[in-house]
There are 2 protein chains.
Amino acid sequence: MAGEAQTRELTVDLGERSYPIMIGTGLLARTGSLFSERGFPVKSPILLVTDRAVEDLYAGTVEQSLREAGYTVARAVVASGEKSKSLDVFEELVTAALETGLDRRSTVIALGGGVVGDLAGFVAAAYMRGVRFVQMPTTILAHDSSVGGKVAVNHRLAKNIIGAFHQPEFVLYDLDTLASLPPREVRAGYAEVVKHGLIWDEAFVKWCDENAERLLALEPDALGYALHEGCRVKSIVVSRDERENDLRAILNLGHTIGHALEAVAGYGELLHGEAIAIGMVGSARLAARFGYGDELAAETERLLRKFELPVRIPSGFDTDEIMAAMQHDKKFKEGQMVFVVPKRVGEVEIRSDVPAQWVRDIVEQLKGEAGKL
Amino acid sequence: MAGEAQTRELTVDLGERSYPIMIGTGLLARTGSLFSERGFPVKSPILLVTDRAVEDLYAGTVEQSLREAGYTVARAVVASGEKSKSLDVFEELVTAALETGLDRRSTVIALGGGVVGDLAGFVAAAYMRGVRFVQMPTTILAHDSSVGGKVAVNHRLAKNIIGAFHQPEFVLYDLDTLASLPPREVRAGYAEVVKHGLIWDEAFVKWCDENAERLLALEPDALGYALHEGCRVKSIVVSRDERENDLRAILNLGHTIGHALEAVAGYGELLHGEAIAIGMVGSARLAARFGYGDELAAETERLLRKFELPVRIPSGFDTDEIMAAMQHDKKFKEGQMVFVVPKRVGEVEIRSDVPAQWVRDIVEQLKGEAGKL
């Protein structure tokens, strides 16, 4: 990625717990001054949680900036990948927090992708029943997970089943960190960007469609705009329904099938963005069954293909296993399958009257057409 | 314990999250109808968490009552004692919750003392980022821990260090369950009852003083009144400061020294109530150093002796270990020792200017006089 982008800022409006998201270039080096300006206490040590892939590239910049501002910071590094989202690694981080002497006014920083954010966020939520938390996402996908306060670790039987709602103090999104992303992760990241358009904002979907090439090339200003818009939609939804009583569930477009595919593949085999891209095509086909027309599925598919995302279930997947995995989903309420179904581009609805047979048919279709991928 | 007591009810006032505490006899058998009246969904399974000591005595009554009202309930039994407040046992309970099919509208019930309440409460707080929680305390001590929403498990380096604020839907306090308490636990339980008087309500302290014999004999009406008053003080304080930003810290009277003694003794050797009884004597001696007079310590000691509680540190304890354990306390902020110090009976203040040497002197005194216990 070459060049600079303007710094964009928006606010997640949650009353007392409102917080800003800053998106731009060269931001990590400003960490220390941001901590000072916001009154983070200098005497309380900070724990910087990151993973092996990110550590060498960016941890030093953050630490140096904090130390120059007078803060004490210790680094805790976890293995890259979904396997670190476990209770065992969580316990190791709590040990690190205790050994570093973190107190109630301390801060846990998550520097990394969604795995690091979810894991470090749960440490911040549970350590001493909650300390300050700062998100520094380093992937495109994490524009989604870093906003909204959902943090969690996995259990061997189910993903994200142990967690909390714990909002960060701020989100610092340094676009420079995205330059090091593998191309497959860039593509997968755009799945959640597109999702935010599909559930809320037709104009943004159109913009994504027109700017797909610039986005895949990581042009700073296009990237900054896309992440700002994705975060904006996310923050509007979260502001209106922090605890997912109703509206927030629309963010799960593509996730019922997507999570099941991830579980069956073994976490990490299929990237999260890839799984939900396939799931969004599945949801659009459900829409057709509910009478919202066939074009929606075709249009969703065309857009996702433009971002070089998968739109079919790989043929090796077992339909029964996929269906069984959906039963363990948190979105499964009182014996009913719950799906987010698009009505048109930019609007969705939550349906709890989806016959399991429709879902099974669509899973079979998406597998059967896998050859045409 | 013979006879019945009137059912007393009070409300913990936390806006949307307000909840009732019901104290009386014969309440466990009414669990099912209480769940129905309060609209707990019949389709969502319930997990009843209890321990070996309580299981045989009371779990059947609760389960039968729930089943008669149409609910599905599974039982998860943990070993009695502080060792069950671990991440390992927490994980076992999450496994049980998943295997029972608990969904987002499900309820976790804690039937037992403080250990079961803290542990099951953290399961309720973290499972799917939070499900309903009901407290059914079966000890006197748990009148304190079951109110206010603090839930947690221990880490090998520190007690209650992994947890959440998660308020119950209601607290059901069946006095019949207290009849099976060992006398030592009865006495230890009254330490927290007396504490609630000492921090807030001089008249209640006087009442405790005059009714100590009836209380030690578990006379139902005296017991019901004492627990009601203890819960009332706790709920007033929690209502005004749920997250322990300031006022709530007064509930920690006696806990800085008390927790350290528990940690040094090895959890479970010294009962929690016994440890904080000693701690409250220590705090009253600190008060003398701050110029609040020597009578406070003598009076605190006399009252606690009336409840047959220890008021000296057993001579085998190492002073350096006790001092070191205090450094790991959550109440240790930014390098300062924080203590709750009584000003007079019924009023305390929070002091963060306590010289470590004063604390060390008092610990030494309380050890040196151990022979006079």
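Each chain gets a letter, A, B and so on, in the order its sequence line appears, and its residues count up from 1.
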Please classify the contact of B:Ser106 with chain A as side chain, backbone, both or neither, using a heavy-atom distance under 4.5 Å.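 Interface part for B:Ser106: neither.
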
Going from [atom1] on [X] to [atom2] on [Y], what distance comes out if it is rounded to the nearest 0.5 angstrom?
X        : Y        : atom1 : atom2 : answer
A:Glu91  : B:Asp88  : CD    : CG    : 6.5 Å
B:Met128 : A:Ile161 : CE    : CD1   : 4.0 Å
A:His155 : B:Thr95  : NE2   : OG1   : 3.0 Å

Taking C-beta and beyond as the side chain, do A:Leu157 and B:Glu99 meet within less than 4.5 Å on heavy atoms?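 Answer yes - side chains close enough.
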
Considering only heavy atoms from C-beta outward, does the side chain of B:Tyr127 approach that of A:Ile162 to under 4.5 Å?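 No, every pair of side-chain atoms sits at 4.5 Å or beyond.
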
State whether the side chain of B:Arg129 and the backbone N or O of A:Val151 hold a donor-acceptor pair below 3.5 Å, judged by distance alone.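 Present.
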
At a heavy-atom separation under 4.5 Å, does A:Ala97 approach chain B through its side chain, its backbone, both, or neither?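 For A:Ala97, neither part sits under 4.5 Å from chain B.
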
Closest approach of B:Arg104 to A:Glu244 (non-hydrogen atoms, all atoms of both residues):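 Here B:Arg104 and A:Glu244 meet closest at NH1-OE2, 3.1 Å.
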
